[in-house]
Colleague: 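This is the structure I have questions about; it appears just below.
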Amino acid sequence: MYVKEGRRLLARIGYEMRCRSVYPGGNANRHRVHLFGFEADIQATEVLFASLRLQMLAGADRADRLHRPVGEDTRAYKRSWMLGFIREVTARIGAAQQAARAAAEQRTEAEGEGRDGRSVALVLADRTTVVEARLAARYPKLNKTRPTKFKGTGYRQGVADGRDADIGGPAFDEEGQAPQLAF
């Protein structure tokens with residue numbers, strides 16, 4: 001249940017972690033998400049997704065019990081709550097990634113030029129370009145996703161609860177071994 005919301009959570013976390021995702025489609029693949037990215041980014045995405053998915057499902061149940069207006073459809077309330085939760089936690093992940101990137105840039109500037117003279121921002125831009133090229137090569141005719149429509153009133157409560165979700169510590173580390181591209 002709530003498979004679409006789980007897929008959305010995975011795709012949005014992946015995007016903030018420099019991965020790109022595709023919903024392959026078709027009957028056999030209707031619940032799948034195909035992630036493209038460097039191995040370290042995919043692993044960080046998977047760890048965050050496992051934790052946040054559990055938090056999302058438990059939080060939706062809790063919010064349903066505590067905040068759903070009498071007479072409102074449970075599924076509609078929970079779904080709208082999840083959409084708010086996903087929006088907030090992924091915005092927080094993106095902000096944490098930007099802060100970590102800025103800190104890495106400052107460290108690089110303080111220590112002088114990087115080992116190969118390239119900035120962290122340039123390295124990340126290069127990585128993103130590589131990931132997007134692999135995605136385009138594998139799926140050359142992608143369609144845009146459609147806007148999400150929802151009916152429930154839980155969105156605001158989902159955003160509020162997403163502010164308190166545990167998104168872990170910084171997942172940004174450019175000073176390890178050379179990342180491996182995975183798909």
Side-chain angles (χ1 to χ4, degrees), residues 1-38 40-103 124 128 131-132 135 139 142-172 183:
M1 192 175 266
Y2 303 108
V3 174
K4 286 182 182 179
E5 290 74 20
R7 284 188 338 174
R8 177 181 305 273
L9 178 63
L10 178 60
R12 295 284 307 273
I13 292 169
Y15 183 83
E16 296 300 342
M17 301 300 294
R18 298 172 304 277
C19 297
R20 297 299 177 258
S21 61
V22 172
Y23 305 143
N27 238 6
N29 293 320
R30 69 177 188 219
H31 299 306
R32 291 190 143 175
V33 177
H34 192 168
L35 277 180
F36 288 80
F38 284 80
D41 298 334
I42 289 176
Q43 288 175 356
T45 297
E46 289 172 345
V47 168
L48 272 171
F49 172 70
S51 172
L52 287 170
R53 181 176 174 272
L54 292 174
Q55 292 178 63
M56 181 178 75
L57 294 173
D61 287 341
R62 186 174 40 259
D64 179 56
R65 285 191 314 275
L66 299 174
H67 303 289
R68 181 175 47 90
V70 174
E72 183 173 349
D73 180 64
T74 297
R75 184 161 167 76
Y77 182 85
K78 285 183 176 183
R79 183 169 185 266
S80 64
W81 183 94
M82 288 178 192
L83 293 172
F85 179 87
I86 291 166
R87 182 209 155 276
E88 185 62 24
V89 297
T90 57
R92 288 178 56 213
I93 291 167
Q97 291 289 15
Q98 285 179 342
R101 189 175 304 124
L124 292 178
T128 299
V131 170
E132 289 175 353
L135 173 83
Y139 294 100
L142 283 178
N143 294 327
K144 298 285 183 191
T145 57
R146 289 178 238 131
T148 301
K149 296 178 184 178
F150 62 94
K151 296 179 183 176
T153 62
Y155 186 86
R156 285 191 179 147
Q157 186 63 47
V159 169
D161 292 344
R163 287 186 197 114
D164 297 327
D166 180 5
I167 63 168
F172 182 89
F183 60 96

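Sequential numbering from 1 along the given sequence is applied to the chain's residues. None of these values were measured; they are calculated from a predicted model.
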Colleague: Is there side-chain contact between D166 and L52, with at least one heavy-atom pair below 4.5 Å?
Modeller: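 Result no, sub-4.5 Å side-chain heavy-atom pair not found.
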Colleague: Atom OG1 of T45 and atom CZ of F38: how far apart are they, to the nearest 0.5 Å?
Modeller: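 The distance works out to 13.0 Å.
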Colleague: For the residue pair T128 and E132, confirm or rule out a side-chain donor-acceptor distance under 3.5 Å.
Modeller: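 Their side chains do not contain a donor-acceptor pair, so the 3.5 Å distance test is not met.
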Colleague: At what distance, to the nearest 0.5 angstrom, does CG of L135 lie from CZ of F36?
Modeller: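 It is 5.0 Å, given to the nearest 0.5 Å.
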Colleague: How would you list, by chain and number, every residue that makes a side-chain contact (heavy atoms from CB on, under 4.5 Å) with A160, sequence neighbours excluded?
Modeller: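 Only Q157, R163 meet the side-chain contact (heavy atoms from CB on, under 4.5 Å) criterion with A160.
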Colleague: Would you say the side-chain atoms of R32 pair up with the backbone N or O of V22, donor to acceptor, closer than 3.5 Å?
Modeller: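 Such a contact is absent between R32 side chain and V22 backbone.
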Colleague: Output the distance between atom CD (E46) and atom CG (L35), rounded to the nearest 0.5 Å.
Modeller: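 That separation rounds to 7.0 Å.
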Colleague: Applying salt bridge (charged side-chain N to carboxylate O under 4.0 Å, His left out) as the test, list every pair that has at least one member in residues 4-16; sequence neighbours left out.
Modeller: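 Output for this query lists E5-R79.
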Colleague: Sort and list the pairs that fulfil salt bridge (charged side-chain N to carboxylate O under 4.0 Å, His left out) and have at least one residue in residues 52-67, not counting sequence neighbours.
Modeller: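 Qualifying pairs: D61-K78, D64-R68.
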Colleague: What closest approach, in Å, do S21 and A11 show between heavy atoms, and which atom pair accounts for it?
Modeller: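 Closest approach of S21 to A11: OG-CB, 3.2 Å.
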Colleague: Is any side-chain heavy atom of Y2 less than 4.5 Å from a side-chain heavy atom of M82?
Modeller: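 A side-chain contact exists here, since the closest heavy-atom pair is under 4.5 Å.
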Colleague: Could you tell me if the ring centre of Y77 sits under 6.0 Å from that of W81?
Modeller: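 No - the distance between ring centres of Y77 and W81 does not fall below the 6.0 Å cut-off.
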Colleague: In Å, rounded to the nearest 0.5 Å, how long is the span from CE of M17 to CG of L48?
Modeller: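 Output value for this atom pair is 5.5 Å.
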Colleague: Would you find more than 12 non-hydrogen atoms of other residues, nucleotides or ligands less than 6.0 Å from R75 atom CZ?
Modeller: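 For R75, atom CZ is crowded (more than 12 foreign heavy atoms under 6.0 Å).
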Colleague: Among I13, D164, L9, find the residue that satisfies the side chain to side chain contact (heavy atoms under 4.5 Å, CB included) test when tested with V89.
Modeller: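 Among the candidates, only L9 passes.
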Colleague: Between the side chain of R156 and the main-chain N/O of G84, is any donor-acceptor distance below 3.5 Å?
Modeller: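 Not confirmed, R156 side chain does not pair with G84 backbone.
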Colleague: Minimum heavy-atom separation for Y23 to V33, with atom names?
Modeller: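 Shortest heavy-atom contact: CE2-CG2, 3.7 Å.
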Colleague: Given side chains that start at C-beta, do those of V131 and R18 come closer than 4.5 Å, heavy atoms only?
Modeller: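 No. Closest side-chain heavy atoms not under 4.5 Å.
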Colleague: Give a yes or no on this: more than 12 heavy atoms of other residues, nucleotides or ligands lie within 6.0 Å of atom OH of Y15.
Modeller: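 Count not over threshold, so no.
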Colleague: Determine, stepwise, if the pair H34 / Y139 fulfils ring pair (Phe, Tyr, Trp, His ring centres under 6.0 Å).
Modeller: CA-CA 11 Å; H34 192 168; Y139 294 100; 5.7 Å; yes
Colleague: To the nearest 0.5 Å, how far apart are OG in S51 and CE in M56?
Modeller: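 Rounded to the nearest 0.5 Å, the OG-CE separation comes to 11.5 Å.
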Colleague: Heavy-atom distance under 4.5 Å between the side chains of T153 and S80, does that happen here?
Modeller: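 SC-SC contact between T153 and S80 ruled out.
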